[in-house]
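Worksheet: one structure, shown below.
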Amino acid sequence: TLAPAQFSTLCAAIAASPTVLAALSAAGTYTVLAPHNDAFDALPDGALADLLKPENAPALTNLLLKHTLGSKVPAADALNLVNEPVDTLASTNSITEKIVVDGNGTAGPVTITPAIVGGSAEVVAPNLAEADNGGSVIHEINKVIATWSYMSIAQVACDPSLDATVGTLCAAVGASSAVADALSNSGSYTVFAPTNGAFAALDQTFLQSVLADDATVTALLQKHALGSEVPASVALTLENSAQTTLNGEDITVDGSTGSVLVTPSILGGPSTVISADVQTSNGVIHVVDKVLALAALVPPPSPPPPAAP
């Protein structure tokens, strides 16, 4: 079927991604959120040209899949959603990237976040076409939806896709304006992001006291951040390497065992990277299984065993 003229840029992008072209040409059930040409024109200078380069095919494919749902969602159904996280076909590190869909009280318009240029994308022409490959539908939108690579560390840490993984970290970042601002800005950072389970393993009275004290939560979060990007491939080459964090204290990073281990942790022993290289617009996130410790919170060494009689 000949695509409408307002989708010529989208069609060129799909043609440059064999994965997406094959998927959307085959029989199946999909919802495609289709940015018009003006939406692509509004992207930062050079962004589209970079995406269309052959070496950036994986990023282009993931971006297009972020605009694709694996089921048919007509506008009538979307209008009933209230800030609803919805799975897309995009994924990073085997984590499905979600969008948030809001029908604005059934009155419309349907809006979708996140968008590359900020704010929400709006459905400007719902149910534009019933696709030829089965029970699929296309909605025209006025902004290009963002994958994590276009979002800051602060945004990705609070993305609904990661709520079950690092939702507590998001709450902590929200409690520190200094950290939220720093990790929202342009720059290059590495963040060791403790899981919800890592925070749950702490004494909860202690944790709430930390979250309630701006200076302490800021220092603790800064202890989890480096001022440069250290991908896992580099971390694995380090051997008990002192790395200075954003609060001025050092952590020790060791990749000599084949896993990336970080010390000190509040509970003692190393914190292990369990999901590496979540790429964002201003650095990389490594998910870890323990909360790192400020110097004042480092547990004392275990006493030596009693001497044999």
Side-chain angles (χ1 to χ4, degrees), residues 1 3-14 17 20 23-24 28-44 47-48 51 60-92 95-152 155-156 158-164 167 170 281:
T1 302
Q6 72 265 33
F7 297 132
S8 60
T9 305
L10 175 63
C11 289
I14 291 173
S17 172
V20 175
L24 297 183
T29 302
Y30 304 103
T31 298
V32 174
L33 304 165
H36 53 45
N37 291 348
D38 288 346
F40 283 103
D41 290 343
L43 295 179
L48 179 61
L51 272 172
L60 173 63
T61 294
N62 209 41
L63 182 73
L64 294 171
L65 292 176
K66 189 75 178 266
H67 292 75
T68 310
L69 312 182
S71 61
K72 181 179 178 181
V73 182
D77 291 346
L79 283 167
N80 290 317
L81 300 178
V82 179
N83 289 323
E84 181 72 23
V86 176
D87 286 351
T88 70
L89 297 186
S91 65
T92 297
I95 302 170
T96 297
E97 293 198 32
K98 298 177 186 286
I99 54 174
V100 176
V101 181
D102 189 13
N104 288 290
T106 73
V110 175
T111 56
I112 301 115
T113 53
I116 290 179
V117 296
S120 300
E122 183 178 309
V123 173
V124 294
N127 303 329
L128 190 64
E130 297 285 340
D132 293 336
N133 62 349
S136 299
V137 66
I138 300 170
H139 304 305
E140 181 180 351
I141 60 175
N142 66 353
K143 291 183 180 181
V144 180
I145 296 168
T147 51
W148 287 350
S149 60
Y150 290 94
M151 299 163 62
S152 70
Q155 289 174 312
V156 172
C158 291
D159 189 88
S161 309
L162 287 175
D163 185 61
C170 171
S281 65

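Nothing here was measured: the structure is a model prediction, and the numbers come from that model. By convention here, the first residue in the shown sequence is residue 1.
- A donor-acceptor distance shorter than 3.5 angstrom exists from the side chain of E97 to the backbone of W148, with no hydrogens or angles considered.
- At least one side-chain heavy atom of L162 sits less than 4.5 Å from a side-chain heavy atom of I95.
- Looking at P109 and V123, their side chains never come closer than 4.5 Å, going by heavy atoms from C-beta outward.
- At least one donor-acceptor pair under 3.5 Å links the side chain of T31 to the backbone N or O of V73.
- Taking 4.5 Å as the limit, every side-chain heavy atom of Q155 sits out of range of all side-chain heavy atoms of P114.
- In this structure, the side chains of L63 and I116 come closer than 4.5 Å at one or more pairs of heavy atoms.
- Side chain of N142 to backbone of E122: a donor-acceptor contact under 3.5 angstrom is found.
- Annotation: side chain of V144 is not in contact with side chain of Y150 (no heavy-atom distance under 4.5 Å).
- In this model, a donor atom of one side chain and an acceptor atom of the other lie less than 3.5 Å apart for N37 and T9.
- For the atom pair OG (S281) and CE (M151), the distance works out to 8.5 Å, reported to the nearest 0.5 Å.
- Of the possible donor and acceptor atoms, one in the side chain of H67 sits under 3.5 Å from a partner among the backbone N and O of I145.
- Here the side chains of F40 and L51 are not in contact, with every heavy-atom distance at 4.5 Å or above.
- Going from atom CG of L81 over to atom CG of N104 covers 11.0 Å, rounded to the nearest 0.5 Å.
- Residues L89 and L69 form no side-chain contact, since every pair of their non-hydrogen atoms from C-beta on lies 4.5 Å or further apart.
- Residues V110 and P126 are not in side-chain contact: their nearest non-hydrogen atoms beyond the backbone lie 4.5 Å or more apart.
- Annotation: salt bridge (charged side-chain N to carboxylate O under 4.0 Å, His left out) contacts involving residues 76-88, sequence neighbours excluded, comprise D87-K98.
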